[in-house]
Amino acid sequence: MTTDVAFHFGAPDKLAYVCRLLRKATASGVRVMVVGAGETLQQLDTALWALAATDFVTHTYAEAPGTLAARSSVVLSGDASLDCSRLPVLVNLLEQAPLGFERFARVIEVVSTDEADRNLARERWKHYMRQGIAITRHDLALKA
């Protein structure tokens, strides 16, 4: 399986953009894993709970008890190498390319307008290129 990688550049509010992205993906029936640092995942969890009731995205942490993670549209995790057989899409919020990204059909990298975030994204871009991955670029400023 070849992994498709897409960079979404220029998100003025990264977490708000990820919320919209997750809402759109899950509305079309796609299940998603979001990988990130603990604090970032907590902020995303809070933001997802703050969506309007009609926009609610079912989500939980990968470590959730029982079958909760298996039934949720979005699984939040600090580790992309977890079993992802039912999760075709990975949204990366880590500073580096996640280990195990190649197990997903699609990886989405969201990049804010912050210069430090853009520099980290350039390093991830180079990492994927060294792996022979073709990358799609979406410039959000052009869509505005």
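Note that the structure is a prediction, hence the values are computed from the model and not measured. Sequence positions, counted from 1, serve as the residue numbers for this chain. Heavy-atom basis, side chains included; hydrogens, waters and symmetry copies ignored.
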Cluster question for you: counting only ILVMFWY and a side-chain heavy-atom cut-off of under 4.5 Å, with indirect links fine, are L120 and I108 together? no

Does the side chain of F7 reach to within under 4.5 Å of the side chain of T136, using non-hydrogen atoms? no

Apply the test side-chain contact (heavy atoms from CB on, under 4.5 Å) to residues F101 and L90: give CA-CA distance (whole Å), side-chain angles for both, the deciding distance (0.1 Å), then the verdict. CA-CA 7 Å; F101 76 86; L90 174 69; 4.3 Å; yes

Could you tell me whether the side chain of S77 and the main chain of D79 form a donor-acceptor pair under 3.5 Å? yes

Between H8 and H138, what is the ring plane arrangement, given parallel below 30°, perpendicular above 60°, and tilted in between? tilted

Is it possible for you to say whether L99 and L87 belong to one hydrophobic cluster, with membership spreading through side-chain heavy-atom contacts below 4.5 Å? no

Y61 reachable from V74 in the ILVMFWY side-chain graph, under 4.5 Å edges: yes

In this structure, CZ of R20 is separated from CG of D55 (nearest 0.5 Å) by 11.5 Å

Any ion pair linking E115 and R122 (charged N to carboxylate O, less than 4.0 Å)? yes

Extract all donor-acceptor atom pairs below 3.5 Å that involve side chains of residues 32-46 and protein atoms in other chains or at least two apart in sequence.
residue: D45; atom: OD1; partner: W49; partner atom: NE1; Å: 3.1
residue: D45; atom: OD1; partner: H59; partner atom: NE2; Å: 2.6
residue: T46; atom: OG1; partner: Q42; partner atom: O; Å: 3.1

Hydrophobic clusters here meaning ILVMFWY residues chained together by side-chain heavy-atom distances under 4.5 Å, can you tell me if V57 and L68 are in one? no

Worked verdict on R23 versus F56 for side-chain contact (heavy atoms from CB on, under 4.5 Å): CA-CA 8 Å; R23 185 179 64 221; F56 182 70; over 6 Å; no

Has L51 got more than 12 heavy atoms of other residues, nucleotides or ligands less than 6.0 Å from its CG? yes

Could you label the plane-to-plane angle of the F9 and W125 rings as parallel, tilted or perpendicular, counting under 30° as parallel and over 60° as perpendicular? tilted

For the residue pair S112 and D117, what are the closest heavy atoms and their distance? N-OD2, 2.7 Å

side-chain contact (heavy atoms from CB on, under 4.5 Å) for F104 and V89? Distances and angles first, verdict last. CA-CA 6 Å; F104 293 84; V89 177; 5.9 Å; no

Begin with the C-alpha distance, continue with both residues' side-chain angles, and end with the deciding distance and a verdict on side-chain contact (heavy atoms from CB on, under 4.5 Å) for L93 and V18. CA-CA 9 Å; L93 298 179; V18 171; 3.9 Å; yes

Considering only NZ, NE, NH1 and NH2 on the basic side and carboxylate oxygens on the acidic side, decide whether D4 and R106 come within less than 4.0 Å. no

Between E102 and Q131, is there a side-chain heavy-atom distance shorter than 4.5 Å? no

Judged by atom type as modelled, is there a donor-acceptor pair below 3.5 Å linking the side chain of S72 to the main-chain atoms of A69? no

Quick one: closest heavy-atom pair of V110 and A11, and the distance? CG1-CB, 4.0 Å

With K24 via salt bridge (Lys or Arg N to Asp or Glu O under 4.0 Å) - residues at least two apart: none

Quick one: does any side-chain atom of R31 pair with a main-chain N or O of P88 as donor and acceptor, under 3.5 Å? no

Rounded to the nearest 0.5 Å, how far apart are CG of N119 and CD of E123? 8.0 Å

With distance as the sole criterion, is a donor-acceptor pair present between the side chains of S73 and T58 under 3.5 Å? yes

If only atom types and distance count, is the side chain of K14 paired as donor or acceptor with the main-chain N or O of V111 below 3.5 Å? no

If you measure from CD1 on I135 to NZ on K126, what distance do you get to the nearest 0.5 Å? 11.5 Å

